[in-house]
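Read the structure below first, then the notes.
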Amino acid sequence: MSPDQRRIEELERKLNERTKEVEQLQANASYLERENLKLKEENQQYKGVIFSSASLITYLKGPEYIIEFANEPIRNVWGKGDQVVGKPLFEVIPEVREQGIEDYLNQAFYKGEPFHAQSLPVEHNVNGELIKSYFDFSYMPQRNDDGEILGIGVIALDVTSQALLHEKIRNSERQFRELVNFMPHKITVVNSEGKGIFCNQNWLDYTGKSFMEFIGQTDFEMFHPDDRKKVSSEAKNCFFKGEILDIEARIEDKNGDYKWHLIKATPIKDGEEQVTSWITSSTEIQKIKEDEKRKEDFLKLVSHELKTPVTSIKGYVQLLLATLSKKANEENNPLPVKTYLHRMENQVERLIRLISEMLDLSRIEQNELELRYEKFNLNKHVEEIVQDLTCSSINLDLKLSHDFNCEVYADKDRIGQVIINFVNNALKYSPDSNKVEISVYDHKDGQVAISVKDFGIGIAKKEQDQIFKKFYRISGNKDDTYAGFGIGLYLSNEIIERHQGKIYVKSEKGKGSKFTFTLPINQN
Ligand code: ADP
């Protein structure tokens, strides 16, 4: 190979090497260009996120807190227009400097500690007017690779509406507390498990306990030992069914004395109808109870004193009637003596019934109502009562049907008293009808039912539970037309409850009523 040829080869080799180097450089350049583009895109995306965010975002550079950028929401809050970039923060919003903002920024910038705040009130001067808003915000120190702090990143959220709502809730809670402390009632709130979560001052004053002693406790010990079982079982029953509790019981005060209270508890339900808690209001009725007791003692005394003379009047009236029927009849006698005597007998009968009811009432109140249990055929007993009733009242159109035959173990006279009361009411509250239907049938729950149906004035739905209460009479019924004291059904209810039976009414106003009671069937 000639020297020229070698030189040419050498030159070709170098040319190839250069070409490769150039290709490599071109590849690197396009890689850098791509990376640059990627970075630009990413930057654009970050900016997009920051500028489209509903959060308030700004970056404050250096110790003068120069606004490097600020998104639209934060500029709107500042209310100083769009030309804020490049200016120191406290030149743009000087009003916030004295509101602690500078201290918080300094803490982040000079100590390098992030600062977070919740619902912080800040007033901004917008067009000369100070507008108060609330913010959740974070000041985050921003560092370079050497750890040196260059500025503060600020992210904030305007939580004014939530803060105002919380303030409203706090205010209404304060008002509620003031209200329940002002009330004369003792108010307590327990959770769905019956454990205390709130009580008013009156409750604490009465029981002498502290709030902490009340919280988280279920306390049936505070009730009088004689009332404890009744309160606990009724409360559990109402808690289980989610129904209103309405009960009278004695509650122990801080001196260890028991005073009568009317206790009402109502369930609080969530959106899904689940009971979350119970509000209880206890009203002291000690004085009313003492007055009631005095009244009852007086009634008992008067009834006792009246019973003997009235019974003897009845005896003399009956004797006179018997003597008269033997010796004379009405046609020979110018005076309608017999008619008058019958009327007298009826009135005396009413008086005796009233006196007996009064006596029963006080016996019930003082837990002295004794029941004389015996086994007897119910159908026979009902038949006898119906016969007596038909004989004593000529106007009565009474139909009796027996769909079921059975024996019961009960107080015969008291059961008779309930049936007579139902029939008397059926007649009394049916001014335009004398039709009464009695039936005895199987109640299908181990109990036999006796129902008394009339076609009288009927009872509105809302009154149907009330009429079994002591002295309850439906207002609007003309008292003169329908004489009475509202004791009969109360006594009937007490008698049937003591027999473990049920008593209820089905009625429609203007169409009539059907009163029913049930008794356990005697299985042996
Ligand atoms: P009284 O009849 O003496 O008022 P009760 O305790 O027997 O007392 O009855 C309570 C109330 O129930 C009555 O005042 C009356 O308003 C209503 N009531 C009872 N029975 C009937 C009935 N069969 N029809 C309509 N209302 C009735």
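What you see is a predicted model, and the numbers here were worked out from it, not measured in a lab. All ligand and atom numbering here is 1-based and tracks the order in the structure.
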Under 4.0 Å from any heavy atom of K428, which atoms of ligand 1 are there?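 Those qualifying, in numeric order: 1 (P), 2 (O), 3 (O).
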For L489, the ligand 1 atoms with a heavy-atom partner under 4.0 Å come out as 5 (P), 6 (O), 7 (O), 9 (O), 10 (C), 12 (O), 19 (C)
Which is it for [X] and ligand 1 at heavy atoms under 4.0 Å: side chain, backbone, both or neither?
X: I487; result: backbone
X: E463; result: neither
X: I459; result: side chain

Residues [X], [Y]: salt bridge by 4.0 Å N-O rule:
X: D445; Y: K502; value: yes
X: R177; Y: E173; value: yes
X: D411; Y: R372; value: no
X: K295; Y: D291; value: no

Would [X] count as a polar contact of ligand 1, with the cut-off being nitrogen or oxygen pairs under 3.5 Å?
X: I467; answer: no
X: Y472; answer: no
X: I457; answer: no
X: Y490; answer: no
X: F515; answer: no

Got a sec: does the OH of Y373 have more than 12 other heavy atoms crowding it under 6.0 Å? yes
Tell me if the aromatic rings of Y206 and H261 count as close, with their centers under 6.0 Å from one another. yes
For F422 and F515, I'd like to know if the aromatic rings sit close, meaning centre-to-centre distance below 6.0 Å.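 Aromatic pair counts; centres sit under 6.0 Å.
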Just go through [options] and tell me whose heavy atom is the nearest to [atom].
atom: atom 23 (N) of ligand 1; options: D454, V505, V436; answer: D454
atom: atom 19 (C) of ligand 1; options: I474, N421, N425; answer: N425
atom: atom 2 (O) of ligand 1; options: F422, Y429, F485; answer: Y429

Which residue in the set F176, W278, F214 passes ring-ring contact (aromatic ring centres under 6.0 Å, His included) when paired with F198? F176
Can you check whether Q464 reaches K506 side chain to side chain, under 4.5 Å on heavy atoms? no
contact_flag G456 ligand 1 heavy-atom lt 4.0 Å: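 Per 4.0 Å heavy-atom rule, G456 does not contact ligand 1.
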